[in-house]
Amino acid sequence: MKEVKVLTKVLKANDMIAAEIRSLLDLHAVPCLNLMSSPGAGKTTLLEKTAKLLSGSLSLAAIEGDVATSLDGERLNAVGIPTVQVNTGGGCHLDATMIKDALQNFDLDKTDLLFIENVGNLICPSTFDLGEHVRVVLLSLPEGEDKPLKYPAMFLNSSVLVLSKVDMVGWNVGTLAASRANALKVNPRLKVFEVSSTEGTGLKEWADYLRALVVEKKRGKRD
Amino acid sequence: MHELSVAQRIVEIVEEQAAKSGLARVTAIKVRIGKLSTIVPEALNFCFGFATEDTLAAGAELVIEEVAAEARCNSCGKTFPVTEAYFLLCPSCSSPDTTLLKGQELDLMSIEGETPDGEKPDDGRTGDVTPKPGDNVQ
């Protein structure tokens, strides 16, 4: 019997590809956001609204992850975001290899901002680095204020929280204050946006934040 | 259920390492899993059986060491266990400026197996291979 020391991260291969992707995006000064949430929290709708606000001034691109169908990819293409649809065929998350492959479809020199819309799932995606610069978690009000406490890793591993569907306050669903408080309890450093994509609440702040990311990334490249 | 893809990754690394170390069969695999890693040990164990089928790790035991989450407060310097009661907020001084030290591990520590002829290994890598504090996971 022989015991061999290995001492390696199980996801080292994924992390290395993610690091490559990040370097590539840095080289082209393209900030990348990885949007994660439960299914139905409003990721695609937020991106549709974001396109309306930003497409006049910035070139957006998206990688859309779903278990099946190209429905979301079609929605984003329809609002003018060139989108590559990735189907995981049952897989519960995107991994760095999928992103690396998808990136070959974009001209990064003509892209200002890249979104990755992860598979709707509040657990697995948080484990896989995709080479993004910012991890955004969406929590929609109807999901309930307890979700950050029940799925803490997702909130711990994100730096931005979008509280979505805030227009649904009053529908006897989770309260906004408690949702925010629970998320901040798990991760006090979360930058929080309160958004209603249908009514437009908070979208300006969100768009301003995205513009600032682009400016900062381009400045970083010049320096 | 990303445990299946994690189990498959483990098997890939195990196969590489076994080839390098001249193991004909792998009988045990030690992994370290942080409480905040989103890996459910039971689910990983379940998937591990499928992932090892028809590999040299078929039938191997998956030994899981769970690591509790711990953070350090950058304000008062105290380390504290990360629990559902306060997560990353320092329980001593309530500062949110904290650093997670442990709890996100998903590391393959060591493998154990048999050489083709049952000989003792000769590469000097045997003996006590229990990970020590100085051991860096790459």
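Residue numbering restarts at 1 for every chain, and letters A, B, ... go by the order of the sequence lines.
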- Note on the structure: Honestly, the part of B/Thr98 sitting under 4.5 Å from a heavy atom of chain A is both
- pair A/Val6-B/Ile13: side-chain heavy atoms closer than 4.5 Å: yes
- Item | Spacing of B/Gln17 atom CD and A/Leu7 atom CG [to the nearest 0.5 Å] | 9.5 Å
- Query: Are there residues of residues 31-43 of chain A that reach to under 4.5 Å of chain B by heavy atoms, and which ones?
  - Reply: none
- So how far is it from A/Leu11 CG to B/Ser5 OG, rounded to the nearest 0.5 Å? 7.5 Å
- Note on the structure: Heavy-atom nearest pair, B/Ser110 first then A/Lys5, reads CB-CA, 4.0 Å
- Query: If you look at every heavy atom in A/Ile123 and B/His2, which pair is closest and at what distance?
  - Reply: CG2-CE1, 4.3 Å
- Check for a donor-acceptor pair, side chain of A/Arg189 on one end and backbone N or O of B/Asp97 on the other, with a separation under 3.5 Å. no
- Message: Does atom NZ (B/Lys35) have a neighbourhood of more than 12 heavy atoms from anything else shown, all under 6.0 Å?
- Response: no
- Return the option, out of A/Asp95, A/Asn187, A/Val186, A/Leu184, with the maximum number of heavy-atom pairs under 4.5 Å with chain B. A/Val186
- Item | Nearest-0.5 Å distance that lies between atom NZ in A/Lys2 and atom CZ in B/Arg25 | 15.0 Å
- Message: Are the side chains of B/Leu23 and A/Val4 in contact, using a 4.5 Å heavy-atom criterion?
- Response: yes
- Tell me yes or no: between the side chains of A/Ser126 and B/Thr38, is some donor less than 3.5 Å from an acceptor? no
- Query: Does a side-chain heavy-atom distance below 4.5 Å link A/Lys12 with B/Arg9?
  - Reply: no
- Considering non-hydrogen atoms only, spot the tightest contact between A/Met1 and B/Glu114 and give its length. CE-OE2, 3.8 Å
- Query: Which answer fits B/Leu108, side chain, backbone, both or neither, if we ask what part of it has an atom under 4.5 Å from a heavy atom of chain A?
  - Reply: both
- Item | Pairing of A/Lys9 and B/Glu105 as salt bridge, 4.0 angstrom limit | no
- Expected contact set for residues 149-159 of chain A against chain B at heavy-atom separation under 4.5 Å reads A/Leu149, A/Pro152, A/Ala153, A/Leu156, A/Asn157
- Query: With only heavy atoms counted, which part of B/Ile10 is less than 4.5 Å from chain A, the side chain, the backbone, both or neither?
  - Reply: both
